[in-house]
Amino acid sequence: MFRSQLTARLLTAFEKAGISLPEGTRPTVVLAADTRYGDYQSNTCMGLAKQLKTNPRALAQQVADALDVSDLCAKVSIDGPGFLNFTLGDAALSAHVLTARRTDQLGVPTATPRTIVVDFSAPNIAKPMHVGHIRSTIIGDCLARVARFLGHHVITDNHIGDWGTQFGMILHGWKTLLDEAALEKDPIAELLRLYKTVNAAAKADEAVMTTCREELVQLQQGDAENLAIWRRCVDLSLDQLRVIYAKLGVRFDHYLGESSYNDALAPLVENLLASHIAEISEGAVCIFFRDDPTLADKPCLIRKSDGGFLYATTDLATIDHRINVWHATDIWYVVGSPQELHFKQIFAASHKRGQTASFQHVAFGSILGPDGKMFRTRSGESVGLIEVLDEAIERAAAVVAEREGLSDEEKATIGETIGIGAVKYAELSQNRLTDYKFSWDKMLSLQGNTAPYLINAYVRTRAIFRKLEGTPEGAGEIEAPAQLVFTEPAERALAMKLAQYAEAVHDVLDDFRPNLLANYLYELATTYHAFYEACPVLSSQGDIRATRLILCDLTSQVLKSGLGLLGIQTTERM
RNA sequence: GCACCCGUAGCUCAGUGGAUAGAGCAGCGGAUUUCUAAUCCGCUGGUCGCAGGUUCGACCCCUGCCGGGUGCGCCA
């Protein structure tokens with residue numbers, strides 16, 4: 001990719017010019033903020049001049065003199081206080097486009113492979129998924145796809161909440177209030193009803209609460225009846241979850257829920273006590289982080305004074321499995337921001353144990369209700385995920401219904417692809433850390449910066465090749481000129497955008513930000529639409545036509561690939 | 001009380017030290033005998049919460065304040 005090539009050349013130029021870079025500084029190249037000055041720019045000299053106590057423009061000149069980029073750039077200039085601006089040569093740009101369209105990676109270099117476990121979605125058993133689960137599910141799926149595309153070994157793991165204190169209430173409810181017919185009809189709704197009813201009763205009556213605790217203890221001690229009920233709840237819930245994941249096009253390599261680690265918890269705690277990593281405090285087993293100022297007064301509890309285990313215990317056992325069995329080098333947790341402290345503790349505990357994997361809490365903001373406060377899983381109502389998806393499909397289908405020349409079957413597929421795509425894109429195009437208020441209209445919008453806008457750009461590329469069906473060009477076998485010819489600004493602008501796919505994909509994993517890829521694809525679609533208006537393809541001639549066909553072909557591939565990385569499908573018509 | 005996050009156009013949001021702060025929606029005005037108008041072009045719209053500071057340069061970094069959110073041993 002051009003950015004890293006230019007960065008490398010710049011580094012060489014600094015060496016050649018005998019300018020020693022202070023420890024820790026490296027020259028950087030970024031996309032030009034203002035394309036009047038060039039395609040890429042480096043701001044390095046201005047910052048560096050201060051440290052070296054020299055004139056920034058003179059420094060830039062010194063670097064420029066030592067710089068060899070004649071094969072890449074048509075022009076290098078020094079502007080303003082000391083900006084180094086690069087304008088790519090048409091030959092280099094053309095060569096990139098011609099090569100990229102013939103490879104699966106579309107010009108995106110692969111990374112040094114690592115073994116990455118992505119932990120995301122992780123809904124609770126016996127409760128319907130609500131919109132609050134969408135961020136983890138969609139962001140996690142996207143990050144996993146991008147990492148795979150870059151050549152990493154990726155393991156996706158759905159760490160289902162299938163164990164815990166809420167089962168005391170469900171067990172009690174199951175035994176006293178279960179409506180078999182309702183369970184048959186809508187298992188999750190019935191389980192939720194049981195939970196809510198018992199929860200309310202337990203709040204009002206201490207005796208009910210005690211009964212629930214007893215049911216839970218029996219489950220944890222392996223009582224056959226309770227285990228059988230629990231197993232049934234888990235299976236019913238998993239059936240429902242798989243329906244939603246199928247609709248979303250999300251798949252997991254593993255569904256290792258919390259219960260998978262039950263047998264590992266007691267030995268783990270004993271081991272941590274024996275190695276003095278954990279200690280007993282006020283009857284509970286804790287790990288203290290006395291040498292970490294931010295965690296000094298925030299110990300991590302791994303066993304309650306009554307002997308029960310906690311969230312953190314399971315997470316530590318899970319880490320062991322991922323590192324020891326899967327040989328993970330990286331573990332990414334796509335979990336909301338409120339759990340930041342928990343992950344700080346878990347990661348610190350793991351480091352205390354000498355584990356060297358790289359941990360990342362990929363946090364995201366909360367989805368807020370109309371009151372500006374978080375949707376609460378436990379008490380408050382929320383909006384069901386399945387309702388959101390169905391409504392999205394319905395709205396998209398209503399637009400498709402007005403189209404002519406499409407079969408009912410095609411219309412159904414298109415409505416589903418666009419509806420689901422719209423929901424995913426609404427999520428992924430946003431900075432993950434920002435909280436936002438849930439809005440049907442925003443999440444389901446079909447105009448402007450949305451999935452259908454991007455899909456429409458793709459459809460436009462396909463329409464052109466459809467006209468060529470039966471010819472080699474229709475199959476993408478365009479007789480390429482030795483070099484692309486740019487006669488209109490829109491052609492070169494499109495070629496530039498296409499070349500930036502490499503940077504956009506890599507930037508996603510830099511800071512775990514799918515919205516950078518979404519933004520890029522939106523810009524690509526906009527650039528293509530402008531090209532489409534300005535540059536007739538089929539009616540043009542010779543090298544101009546071949547150039548435009550090649551640009552359409554690569555645009556088509558990049559849009560499909562990029563949307564695919566977001567987990568969004570494309571359609572040939574809409 | 002302590003810690004973390006957020007405050008940018010009427011609304012929803014991009015923008016994590018560089019050049020004139022950008023999109024979408026909403027509003028107004030145009031474009032279709034043409035490869036899909038879920039499109040394109042133009043206009044309107046901002047003391048970037050407030051006050052200081054660092055810097056050649058600050059929406060961005062530092063300090064204080066105001067407003068909102070979240071979290072802070074025996075839930076997950």
Side-chain angles (χ1 to χ4, degrees), chain A residues 30 32-34 36-37 41 43 46-47 49-50 56 79-83 85 122 124 161 163-166 258 281-288 294-295 297-306 308-312 314-315 336-342 344-345 363 365-366 368 372-374 377-378 396 399-400 402-403 405 418 422 426 429-431 433-437 439 441-442 445-457 459-468 511 513 515-516 518-519 522-523 525-526 529-530 532-540 548 552 573-574:
Chain A
V30 295
D34 187 334
R36 281 177 308 178
Y37 293 105
Q41 68 184 64
N43 310 325
M46 292 180 289
K50 191 189 310 185
D79 304 286
F83 293 100
N85 290 312
N124 286 323
W163 199 256
T165 47
Q166 80 272 20
E258 291 166 346
S281 163
E282 297 172 32
V285 178
C286 301
I287 302 175
F288 284 92
T294 63
L295 292 177
D297 60 342
K298 303 202 168 10
C300 176
L301 269 74
I302 56 173
R303 195 175 72 196
K304 297 191 281 183
S305 49
D306 69 2
F309 302 109
L310 297 112
Y311 183 30
T314 313
D315 271 4
S337 300
Q339 296 191 45
E340 188 182 328
L341 176 61
H342 166 73
K344 272 193 181 147
Q345 292 177 324
S366 307
L368 277 20
K373 300 206 172 177
M374 275 177 69
T377 318
R378 293 185 195 176
V399 180
V400 181
E402 295 167 10
R403 295 279 154 169
I418 289 178
S429 58
Q430 193 154 216
N431 185 318
L433 288 165
T434 320
D435 292 348
Y436 67 86
K437 272 187 200 172
S439 149
D441 285 338
K442 183 177 182 211
S445 166
L446 305 175
Q447 306 290 331
N449 186 356
T450 61
Y453 179 89
L454 305 191
I455 295 172
N456 182 50
V459 166
R460 282 180 150 188
T461 66
R462 300 320 305 157
I464 289 173
F465 289 103
R466 206 177 303 120
K467 289 255 167 176
L468 295 171
D511 202 21
R513 290 181 47 186
N515 71 308
L516 297 180
N519 293 350
Y522 176 68
E523 286 169 13
T526 300
H529 279 134
Y532 186 90
E533 301 282 331
C535 303
V537 178
L538 296 177
S539 60
S540 58
R548 291 177 179 176
C552 288
R573 300 165 199 261
M574 63 191 284

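- The aromatic ring of A:Y522 does not sit over the base of B:rA23, since the test of centres under 5.5 Å and planes under 30° is not met.
- With a cut-off of 3.5 Å on both pairing distances, B:rA38 has no Watson-Crick or G-U wobble partner at all.
- The two atoms that bring A:A426 and A:K442 nearest to each other are CB-O, 4.2 Å, heavy atoms only.
- The side chain of A:E282 lies closest to B:rG73, out of B:rA14, B:rG73, B:rG69.
- When the nucleotides B:rG73, B:rC35, B:rA38 are ranked by their closest atom to the side chain of A:A463, B:rC35 comes out on top.
- Nucleotide B:rA51 forms a pair with B:rU63, judged by Watson-Crick or G-U wobble geometry with both contacts under 3.5 Å.
- For the pair A:R403 and B:rA38, the criterion of a side-chain N or O lying under 4.0 Å from OP1 or OP2 is met.
- Donor-acceptor pairing under 3.5 Å, judged by distance alone, is present between the side chain of A:R36 and the base of B:rU20.
- Between B:rC72, B:rG18, B:rA37, one nucleotide has an atom nearer to the side chain of A:K298 than all others, and that is B:rC72.
- Between B:rU36 and A:Y453, no contact under 4.0 Å exists linking OP1 or OP2 to a side-chain N or O.
- Figure legend. B:rA14 is base-paired to no nucleotide; pairs are counted as Watson-Crick or G-U wobble with both atom distances under 3.5 Å.
- In the interface, the side chain of A:N85 is paired with the base of B:rA19 through a donor and an acceptor atom under 3.5 Å apart.
- Across every strand in view, B:rC2 sits in a pair with B:rG71 that passes the Watson-Crick or G-U test at under 3.5 angstrom.
- Not a single donor-acceptor contact under 3.5 angstrom links the side-chain atoms of A:T450 to the base of B:rG24.
- Both distances falling under 3.5 Å, in either a Watson-Crick or a G-U wobble arrangement, place B:rC43 opposite B:rG27.
- Contact between the side-chain N/O atoms of A:Q447 and the OP1/OP2 oxygens of B:rU39 is found at a separation under 4.0 Å.
- With B:rA37, B:rA76, B:rG24 as the candidates, the nucleotide lying closest to the side chain of A:Y311 is B:rA76.
- Side-chain N/O atoms of A:T461 and A:Y532 include no donor and acceptor closer than 3.5 Å.
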